[in-house]
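Computed over heavy atoms, backbone and side chain alike; hydrogens, waters and symmetry mates excluded.
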Amino acid sequence: TLILLLLSVGGYAASDTPEEPETLSFDTLTLDQAIAFALAHAPAIQEASLTVALAELDLKRTQLWKRLIPSLTVHQGYNPIVGESRLGIGLSLDFNRIWEEDDQAKRSKLKWLNTEMYRKTVQNRVILSVTQSYYDWVAAQKQVELLLDQLSTSSQSSIFNRQSTIPMTAPTHTSFG
């Protein structure tokens with residue numbers, strides 16, 4: 001299972017050209033190496049990280065929009081004494097608004113926090129899956145070693161048993177006479 005899991009998480013980068021996966025030696029593979037490889041190549045983690053990055057950009061956008069974009073007001077008036085019509089445009093930046101957090105910014109912040117928690121959950125699931133697969137793989141190797149040892153012992157004892165069960169009879173002398 002570990003081999004299949006490691007091969008399945010050896011995904012591609014977000015670019016047009018595929019990234020060559022690292023080569024691993026299964027003879028000397030440690031749990032830490034398997035986890036590091038899976039964390040670096042798991043498509044689910046890459047997807048979750050991109051989701052976090054998008055949420056972070058949305059949060060920054062709402063914070064900047066609120067703080068840097070001035071309010072625009074348009075006034076039109078008519079002076080009947082002079083008989084003139086006037087148009088006025090005003091730009092204002094409310095400094096009190098800079099320090100307040102509006103609902104959109106709160107929603108963006110919650111979205112970012114949720115995506116960050118999701119990324120950590122996905123990361124923990126990958127670690128758990130690799131750990132389970134790694135120990136299943138180690139257990140399977142030990143079972144194979146044990147079976148080979150039993151087979152070897154069984155072969156040796158059956159040879160010994162065949163030699164000990166061969167009837168040993170004393171030579172008989174027959175006389176012809």
Identify the two heavy atoms, one from Thr28 and one from Gln33, that lie closest to each other, and give their separation to 0.1 Å.
O-OE1, 3.4 Å

Is the shortest side-chain heavy-atom distance between Val144 and Gln141 below 4.5 Å?
no

Would you check if the side chain of Tyr134 reaches a backbone N or O of Ile35 as a donor-acceptor pair within less than 3.5 Å?
no

Heavy-atom closest pair (Gln123 atom, Ile45 atom, distance to 0.1 Å) is CA-CD1, 3.9 Å

Please give me the minimum heavy-atom distance between Ala55 and Trp112, naming the atom from each residue.
CB-CA, 3.7 Å

Find the distance between OH (Tyr118) and CD (Glu47) and round it off to the nearest 0.5 Å.
5.5 Å

Hydrophobic cluster membership, Val138 vs Ile127, 4.5 Å side-chain cutoff
yes

Rounded at 0.5 Å granularity, tell me how far OG in Ser108 sits from CG in Leu113.
11.0 Å

Reported CG-to-OG1 distance for the pair Asp32 and Thr131, which is rounded to 0.5 angstrom
9.0 Å

May I ask you to decide if Leu148's main-chain N or O and Ser152's side chain share a donor-acceptor pair within less than 3.5 Å?
no

So with a 6.0 Å cut-off around CD of Glu116, is the heavy-atom count from everything else above 12?
yes

With a 4.5 Å cut-off on side-chain heavy atoms, are Trp137 and Leu29 touching?
yes

I'd like to know whether CZ of Arg125 has more than 12 heavy-atom contacts from other residues, nucleotides or ligands below 6.0 angstrom.
no

First locate atom CG of Leu59, then atom CD of Glu56, and finally report the distance between them rounded to the nearest 0.5 Å.
7.5 Å

Non-hydrogen side-chain atoms of Gln150 and Leu147 separated by less than 4.5 Å:
yes

For side chain to side chain contact (heavy atoms under 4.5 Å, CB included), just list the numbers for Arg61 and Asp58, CA-CA rounded to whole Å, side-chain angles, deciding distance to a tenth of an Å, and then say yes or no.
CA-CA 5 Å; Arg61 179 193 58 82; Asp58 184 54; 2.8 Å; yes

Using the side chain to side chain contact (heavy atoms under 4.5 Å, CB included) rule, pick out the option among Asn124, Thr51, Leu50, Val52 that qualifies with Arg119.
Val52

Which heavy atom of Leu31 sits nearest to which heavy atom of Val130, and what is that distance?
CD1-O, 4.4 Å

